[in-house]
Amino acid sequence: MRYGYKRPTVCDNDVTQQLVQVNLDDVHEERHGLAKNREVFEELLMQLTTGDELYVQNIEVLADSTQQLIDILQIAERDEFTIIFLDECMCSTELFKKSLLDGLRYFSKLQSIFKRHTSTFALQEAKKRGTVIGRPKKSDVQMQRAIEMYYSKQYTLHQIKEETGISKSTLYRQLDQ
């Protein structure tokens with residue numbers, strides 16, 4: 001059988017651009033892009049048998065890390081089904097035949113893709129929970145006081161930090177703006 005698997009990614013958060021040009025027998029869609037709790041994918045892995053083909057738009061849809069990708073590829077090899085990566089124009093059996101150098105180059109590139117994907121969806125989840133993202137905001141009064149002290153040239157950076165709580169890097173970042 002020809003199966004498809006889709007899930008939200010950084011470039012296709014609403015999953016509308018995945019597997020549109022492929023005729024498949026059964027398509028499974030994950031509702032979230034997070035690495036954990038991929039229940040739809042786990043159920044799909046249980047269905048795949050010898051000779052089946054699993055189509056994914058790209059490797060980012062399938063895995064969130066190189067270790068996870070390796071684990072999935074080992075399952076595919078053991079259970080004798082093929083994974084087809086449409087954007088990369090390759091299948092899992094071709095990955096097993098690549099030279100070590102080609103594989104390392106490719107997996108190095110994948111690392112940055114995986115990090116971007118994981119970071120983006122983790123930040124989205126944190127924002128949903130109300131977590132404040134980024135550097136904590138320093139008091140405008142304290143920042144103004146630190147700038148005045150700096151320009152007076154009567155205080156060391158250490159003294160400014162002790163009195164205002166504004167670090168050297170924060171002060172310089174503010175001065176650069």
Side-chain angles (χ1 to χ4, degrees), residues 5-20 28-45 56-74 83 85-90 95 98 100-177:
Y5 176 69
K6 305 190 296 186
R7 76 174 177 140
T9 64
V10 174
C11 298
D12 186 18
N13 200 6
D14 56 0
V15 195
T16 57
Q17 301 169 4
Q18 295 178 37
L19 306 177
V20 291
H28 298 254
E29 183 178 327
E30 206 76 58
R31 294 280 178 220
H32 62 83
L34 300 172
K36 295 182 180 179
N37 301 324
R38 292 177 50 194
E39 295 164 2
V40 173
F41 184 66
E42 292 296 326
E43 289 176 21
L44 175 58
L45 282 179
V56 292
Q57 193 63 42
N58 54 49
I59 291 178
E60 181 183 357
V61 170
L62 191 66
D64 292 294
S65 68
T66 50
Q67 184 58 56
Q68 187 180 39
L69 179 60
I70 290 168
D71 292 344
I72 293 168
L73 291 172
Q74 286 175 334
I83 304 170
F85 305 98
L86 298 174
D87 288 351
E88 291 85 358
C89 298
M90 73 170 82
L95 283 173
K98 293 237 181 243
L100 178 60
L101 183 57
D102 287 341
L104 288 173
R105 283 185 187 128
Y106 191 73
F107 284 106
S108 175
K109 178 181 152 191
L110 281 177
Q111 280 299 100
S112 64
I113 293 170
F114 291 149
K115 284 180 185 176
R116 183 185 72 202
H117 179 90
T118 302
S119 297
T120 299
F121 283 98
L123 285 172
Q124 287 176 0
E125 283 298 307
K127 285 179 183 177
K128 283 180 189 174
R129 290 190 311 267
T131 304
V132 178
I133 307 298
R135 289 188 176 98
K137 179 103 169 86
K138 297 292 185 179
S139 160
D140 290 338
V141 173
Q142 291 296 76
M143 183 59 74
Q144 188 59 40
R145 173 79 179 120
I147 291 171
E148 289 170 3
M149 291 172 73
Y150 176 80
Y151 282 126
S152 75
K153 299 187 186 208
Q154 295 176 358
Y155 302 92
T156 65
L157 291 172
H158 181 70
Q159 289 171 324
I160 294 171
K161 182 181 184 324
E162 290 295 312
E163 191 169 319
T164 65
I166 305 294
S167 70
K168 176 178 89 171
S169 58
T170 301
L171 177 61
Y172 283 153
R173 191 171 34 255
Q174 187 67 32
L175 292 170
D176 284 342
Q177 294 175 357

Looking at [atom1] of [X] and [atom2] of [Y], how far apart are the two atoms once the value is rounded to the nearest 0.5 Å?
X    : Y    : atom1 : atom2 : value
T164 : Q144 : OG1   : CD    : 11.5 Å
I160 : Q142 : CD1   : CD    : 12.0 Å
E163 : H158 : CD    : NE2   : 12.0 Å
I166 : Y150 : CD1   : OH    : 15.0 Å
E162 : T156 : CD    : OG1   : 9.0 Å
E60  : D12  : CD    : CG    : 9.5 Å

With no hydrogens and no angle check, is any side-chain donor or acceptor of Q174 less than 3.5 Å from a backbone partner on I147?
no
I'd like to know if the side chain of E29 reaches the main chain of K6, judged simply by a donor and an acceptor atom lying under 3.5 Å from each other, with no hydrogens or angles considered.
no
[X] to [Y] - nearest heavy-atom pair and separation:
X   : Y   : result
P8  : R31 : CG-O, 3.9 Å
Q18 : V61 : OE1-CG2, 3.5 Å
G33 : R7  : O-NH1, 3.1 Å

Dump the intermediate steps for side-chain contact (heavy atoms from CB on, under 4.5 Å) on Y172 and L157, then the final yes or no.
CA-CA 10 Å; Y172 283 153; L157 291 172; 3.4 Å; yes
Only counting residues at least two apart or in another chain, list the ones meeting side chain to side chain contact (heavy atoms under 4.5 Å, CB included) with L62.
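Residues passing side chain to side chain contact (heavy atoms under 4.5 Å, CB included) with L62: F41, L54, V56, L69, I72, I83, F85.
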With sequence neighbours left out, which residue pairs that include part of residues 34-43 fulfil the salt bridge (Lys or Arg N to Asp or Glu O under 4.0 Å) condition?
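For residues 34-43: R38-D64.
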Might you work through the side chain to side chain donor-acceptor pair (under 3.5 Å) test for Q67 and D71, ending with a clear yes or no?
CA-CA 6 Å; Q67 184 58 56; D71 292 344; 2.9 Å; yes
The criterion is side chain to side chain donor-acceptor pair (under 3.5 Å); which residues satisfy it with D87, sequence neighbours excluded?
Q57, N58
Any non-hydrogen side-chain atom of Y5 less than 4.5 Å from a side-chain atom of L45?
no
